[in-house]
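Note sheet for the following structure.
If you're wondering where the values come from, they're calculated on a predicted model, not measured in any experiment.
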Amino acid sequence: MEIRTNVNFTVIDSMNTLTSAEDIKNMVDTEIKVIGILIYDTVDKSTGELKTVGAIKSDDETIYGFTSATMIECAEMMAGAFTDSNAKSITVIPFTKQSNNKRTFYQFKIVDIEK
């Protein structure tokens, strides 16, 4: 695991991301108050392919994981808000949309940034 972005994730949080993260897909249309972000690269053991994984930590210490490229891109922007704007938390709502090819994809809607 090669960490690319880490905002407010402890070593224990990082390990729990690998072993017990909740699937963000189960939180669609639900507000989450994000206090931490982790983005890392890993190698898929079955295919040998490099894969980017994202995780957010909520204010109740729950860790949610995802591999959606659009969510990872948004999480990277949120990480910038934490570091550049000194945000304390960012409230998001995970949601789904359909591409022109009718493929479902996941994204975050930013609801609030608390400073």
Grouping I, L, V, M, F, W and Y whenever their side-chain heavy atoms are under 4.5 Å apart, do Ile113 and Val92 come out in a common cluster? yes
Taking all atoms of both residues into account, what is the closest heavy-atom pair of Tyr64 and Asp23, and its distance? CD2-O, 4.5 Å
Sub-6.0 Å ring centroid separation between Phe95 and Phe105: no
If you measure from CZ on Arg103 to OG1 on Thr96, what distance do you get to the nearest 0.5 Å? 11.5 Å
Run the side-chain contact (heavy atoms from CB on, under 4.5 Å) check on Glu73 and Gln107 step by step: do they pass? CA-CA 9 Å; Glu73 184 177 2; Gln107 184 56 283; 6.0 Å; no
Which heavy atom of Ala21 sits nearest to which heavy atom of Gly65, and what is that distance? CB-N, 4.0 Å
Take Met15 and Ser20, measure what side-chain contact (heavy atoms from CB on, under 4.5 Å) needs, and give me the verdict at the end. CA-CA 8 Å; Met15 288 189 282; Ser20 60; over 6 Å; no
For Asp13, is there any backbone N or O sitting under 3.5 Å from a side-chain donor or acceptor partner on Asn16? no
Between Ile56 and Val34, what is the shortest heavy-atom contact and its length? CD1-CG2, 3.8 Å
Side chains of Tyr40 and Asn6: does their closest heavy-atom pair fall under 4.5 Å? no
Any chain of hydrophobic side-chain contacts (each under 4.5 Å) joining Ile63 to Ile72? no
Nearest non-hydrogen partners of Thr67 and Val53, listed with the distance: CG2-CG2, 4.2 Å
Check: Val111 and Glu31 side chains under 4.5 Å, non-hydrogen atoms: yes
Rounded to the nearest 0.5 angstrom, the CE-OG distance for Met1 and Ser14 is 5.0 Å
If two hydrophobic side chains count as joined below 4.5 Å and joins carry through other members, does Met27 share a cluster with Ile37? yes
Are Arg4 and Asp41 ion-paired here, with the side-chain N under 4.0 Å from a carboxylate O? yes
Here the gap from Ile12 atom CD1 to Glu61 atom CD, rounded to the nearest 0.5 Å, amounts to 10.5 Å
Roughly how far apart are Thr5 OG1 and Ile39 CD1, rounded to 0.5 Å? 4.0 Å
Nearest atoms (heavy-atom pairs only) where Pro94 meets Ile32: CG-CD1, 3.9 Å
Can you measure from NZ (Lys88) to NZ (Lys33) and round to the nearest 0.5 angstrom? 10.0 Å
Cluster question for you: counting only ILVMFWY and a side-chain heavy-atom cut-off of under 4.5 Å, with indirect links fine, are Met78 and Phe9 together? no
Whether Ser85 side chain and Ala87 backbone form a donor-acceptor pair below 3.5 Å: no
Give, for atom CD1 of Ile93 and atom CG of Asp29, the distance between the pair rounded to the nearest 0.5 Å. 7.5 Å
No-hydrogen, no-angle side-chain donor-acceptor test under 3.5 Å, Ser46 and Asp44: yes
Passes side-chain hydrogen bond (donor to acceptor under 3.5 Å, both in side chains), Asp60 versus Ser58? Steps please. CA-CA 5 Å; Asp60 69 358; Ser58 68; 2.3 Å; yes
Can you establish whether the number of heavy atoms outside Glu49 located under 6.0 Å from its atom CD is more than 12? no
Do Phe66 and Phe82 share a hydrophobic cluster, counting only Ile, Leu, Val, Met, Phe, Trp and Tyr and linking them when any side-chain heavy atoms are less than 4.5 Å apart? yes
Ser89 and Ile35: which non-hydrogen atoms are nearest, and at how many Å? CB-CG2, 4.2 Å
